[in-house]
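Counting starts at 1 for both ligands and their atoms, following the listed order.
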Amino acid sequence: MNNHHSSVIVGKASGSSRYDPVVHRPSVKVTGLGHYVPEKIVTNADLAELMDTNDEWIRTRTGICERRMADISQSTSDLAVEASKEALRSAGIGAQDIDLIVVSTITPDYYMPGIGVLIQDKLKAPPVMALDIRGQCAGFTWCLATADGYARLGGMKNILVVGADLQTRILDYSDAGRNTAVLFGDGAGALILRVDQDAQQLATVDNTVSGLIDHELGSDGSGCLSLYVKRPGMMAGKERFMTTQDMDERSTVPHMDGRQVFKHATLKMESLVRSLCKKHGITPDDIDVLIPHQANFRINEMVRGKLGLPHHKVVNVIDKYGNTTSATLPLCMAEAQKDGRLVRGKLVMTVAFGSGFSWGANLLRW
Ligand code: UT7
């Protein structure tokens, strides 16, 4: 590790009390973590009763053994609220202390509005901005970066960041949908970010100060049709945004070119880690905990192998939960915190890739 990035001292606008968001980069650190998965477990054997699949195929091709399925009484926002409550408890604050909500989901309760406002209402949080982000499997990385950016506007102390998805209601549990139906599960995770406008030191790769350090985000819309849900939507050539014919034509279920997504995911996730490391003068070896999106254990193993990281540094929970889309990263954080890998002072990198194509990585000191 080189020392280009020695402690960053937070500046104050010299000789002026005017707030300058560039000069006043606040410290933004994780103070609370929560997660929630529904009780119902769906095993590979359960799925084999519904469609032409089997436990061996699912385990060897994906690493998934089981996933969770939300109860019919639950909406996506309910999963999000459970995770948020745990995050608030662990941060030692109440819903009244939330200054901003940033949430990622691709399975909102309603077509409009998003679930941010529903989370705000169910938690009885103040009437703060509740922002939905549509970054698909990379959504949580975009949420963290967005929260970090908004923190620079000033006037905020606590930001609730949530990732929640309820995929099991959108999947096609027939033979035709087997290449996606076996992959996804339901879940939610949340973080509380504490913003300190007056911190004397910001987190860097060279100190042990807790906080968000940097982000790298991107997208390439030319990959859209490799993984998408076609309807409902405002597509040109369609008079209504959804018809019964759309259901018959399986336009409302996910369609994926698995091999194409697999190829791009492995390449992009490796290059994201390398590029964010290079920007900060470190190598992948310097990362204590790598938290990758959970789409396929084989993707994460390939990325781990190419980066030369030992198994214990890379968190995987896909065997238990499948791909929970927006929730995979905080679910991994919860797991790593439980097993003792994620403790204060650890250098953490998240990395995710998904539909869009969309991708992101966050570098932070836990
Ligand atoms: O989080 C969002 C981003 N998503 C991803 O990153 C997913 C990336 N892609 C993948 O993880 C993998 O491509 C899959 C797990 C989706 C599929 O694995 P694969 O090794 O790429 O399989 P394949 O699509 O090439 O299919 C191989 C065979 C096919 O049969 P034939 O044509 O060889 O006879 C499929 O029809 O496996 C068949 N197949 C299944 N067999 C049993 C597909 N799904 C299943 C299934 N059970 N569930």
Side-chain angles (χ1 to χ4, degrees), residues 42-67 104-107 133-142 163-168 170-187 189 218-221 223-229 250 253-272 291-304 306 316-319 321-332 350-361:
V42 177
T43 64
N44 294 342
D46 293 333
L47 293 179
E49 286 180 17
L50 300 173
M51 66 188 93
D52 181 15
T53 190
N54 56 76
D55 179 55
E56 207 250 330
W57 190 96
I58 303 172
R59 271 178 206 259
T60 55
R61 299 276 179 146
T62 71
I64 300 167
C65 303
E66 57 189 44
R67 70 288 292 143
S104 168
T105 189
I106 57 166
T107 49
I133 299 255
R134 297 195 54 170
Q136 296 70 243
C137 293
F140 201 80
T141 65
W142 291 13
D165 269 301
L166 198 166
Q167 294 275 23
T168 55
I170 205 178
L171 299 169
D172 173 7
Y173 291 105
S174 74
D175 290 355
R178 68 178 182 171
N179 77 325
T180 49
V182 302
L183 304 177
F184 295 96
D186 305 332
S219 40
D220 174 5
C224 164
L225 301 188
S226 293
L227 176 50
Y228 76 129
V229 178
R250 302 180 59 255
V253 301
H255 289 268
M256 177 169 72
D257 179 344
R259 286 190 184 185
Q260 192 68 359
V261 181
F262 191 109
K263 187 180 81 186
H264 285 278
T266 45
L267 291 171
K268 184 52 83 177
M269 285 166 74
E270 181 199 357
S271 72
L272 272 173
I291 300 184
H293 174 52
Q294 307 285 299
N296 189 321
F297 182 65
R298 286 192 295 138
I299 293 178
N300 293 352
E301 270 299 279
M302 282 177 81
V303 173
R304 185 192 65 73
K306 286 188 195 174
N316 283 294
V317 293
I318 192 165
D319 56 331
Y321 304 135
N323 182 349
T324 51
T325 313
S326 304
T328 58
L329 301 181
L331 285 180
C332 282
T350 66
V351 62
F353 181 92
S355 163
F357 295 131
S358 311
W359 57 81

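The part of Ile299 lying near ligand 1 is the side chain, judged by heavy-atom distances below 4.0 Å. The backbone and the side chain of Phe262 each have at least one atom closer than 4.0 Å to an atom of ligand 1 (non-hydrogen atoms only). Under 4.0 Å from ligand 1, the heavy atoms of Leu227 that appear belong solely to its side chain.
Looking only at heavy atoms of the protein, atom 47 (N) of ligand 1 is closest to Thr53 OG1, 2.7 Å. Counting only heavy atoms of the protein, atom 16 (C) of ligand 1 lies nearest to Met256 CE, 3.6 Å. In this structure, the protein non-hydrogen atom closest to atom 29 (C) of ligand 1 is Arg178 NH2, 4.7 Å. Of the protein's non-hydrogen atoms, Val261 CG1, 3.5 Å is the one closest to atom 5 (C) of ligand 1. Closest to atom 9 (N) of ligand 1 among all protein heavy atoms lies Gly258 O, 3.0 Å.
Taking a distance limit of 4.0 Å, we find that atom 34 (O) of ligand 1 is approached by no protein heavy atom. Less than 4.0 angstrom separates atom 20 (O) of ligand 1 from at least one non-hydrogen atom of the protein. Of the protein's heavy atoms, none falls inside 4.0 Å of atom 31 (P) of ligand 1. The presence of a protein heavy atom under 4.0 Å from atom 39 (N) of ligand 1 is confirmed.
If you number the atoms of ligand 1 from 1 as listed, the ones under 4.0 Å from a heavy atom of Asn296 come out as 10 (C), 11 (O), 12 (C), 15 (C). Proximity to Arg298 (heavy-atom distance under 4.0 Å) selects the following atoms of ligand 1: 18 (O), 19 (P), 20 (O). Close contacts of ligand 1 with Thr62, meaning ligand atoms under 4.0 Å from a residue heavy atom, involve 15 (C). Atom numbering of ligand 1 starts at 1 in the shown order; those under 4.0 Å from a heavy atom of Asn323 are 1 (O), 2 (C). Atoms of ligand 1 lying under 4.0 Å from any heavy atom of Arg61, numbered from 1 in the order shown and given with element: 19 (P), 20 (O), 22 (O), 27 (C). Ligand 1 places these atoms under 4.0 Å from at least one heavy atom of Arg259: 13 (O), 21 (O), 23 (P), 25 (O). Residue contact check: Cys137 has heavy atoms under 4.0 Å from atoms 1 (O), 2 (C) of ligand 1.
Residues Met269 and Ala352 approach most closely at CG-C, 4.4 Å, considering heavy atoms. Nearest heavy atom pair, residue Phe184 against residue Thr168, reads O-CG2, 4.4 Å. Closest approach of Ile58 and Ile64 over heavy atoms only: CG2-O, 3.6 Å.
Rounded to the nearest 0.5 angstrom, Asp55 CG and Thr60 OG1 are separated by 9.0 Å. Rounded to the nearest 0.5 angstrom, Gln167 CD and Thr180 OG1 are separated by 9.5 Å. Thr107 OG1 to Ile170 CD1: the interatomic distance, rounded to the nearest 0.5 Å, is 7.0 Å. Here Asn44 contributes atom CG and Trp57 contributes atom CH2; the two are 10.5 Å apart, rounded to the nearest 0.5 Å.
Classification of Glu301 and Arg298 as a salt-bridged pair fails, no side-chain N sitting under 4.0 Å from a carboxylate O.
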### Task
May I have the step-by-step check of side-chain contact (heavy atoms from CB on, under 4.5 Å) for Asp186 and Leu166, ending in yes or no?
CA-CA 5 Å; Asp186 305 332; Leu166 198 166; 3.9 Å; yes
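Remark: Arg250 CZ is packed, more than 12 non-hydrogen atoms of other residues, nucleotides or ligands lying under 6.0 Å away.
His293 pairs with exactly one of Cys137, Cys332, Ser326 by the side-chain contact (heavy atoms from CB on, under 4.5 Å) rule, that one being Cys137.
Partners of Val261 under the side-chain contact (heavy atoms from CB on, under 4.5 Å) rule, at least two apart in sequence or in another chain, are Ser226, Leu227, Met256, Phe353, Phe357. For the salt bridge (Lys or Arg N to Asp or Glu O under 4.0 Å) test, residues two or more places apart in sequence or in another chain that qualify with Glu270 are Arg274, Lys306.
For the ligand labelled ligand 1, residue Gln294 lies outside the 4.0 Å heavy-atom shell.
Considering backbone and side-chain atoms alike, Val182 places every N or O at 3.5 Å or more from each N or O of ligand 1. The shortest N or O to N or O distance between Ser355 and ligand 1 is not below 3.5 Å.
In this structure, Thr62 contributes its side chain and Arg59 its backbone to no donor-acceptor pair below 3.5 Å.
Comparing Phe357, Phe297, Trp57, Phe184 by heavy-atom distance to atom 37 (O) of ligand 1, the nearest is Trp57.
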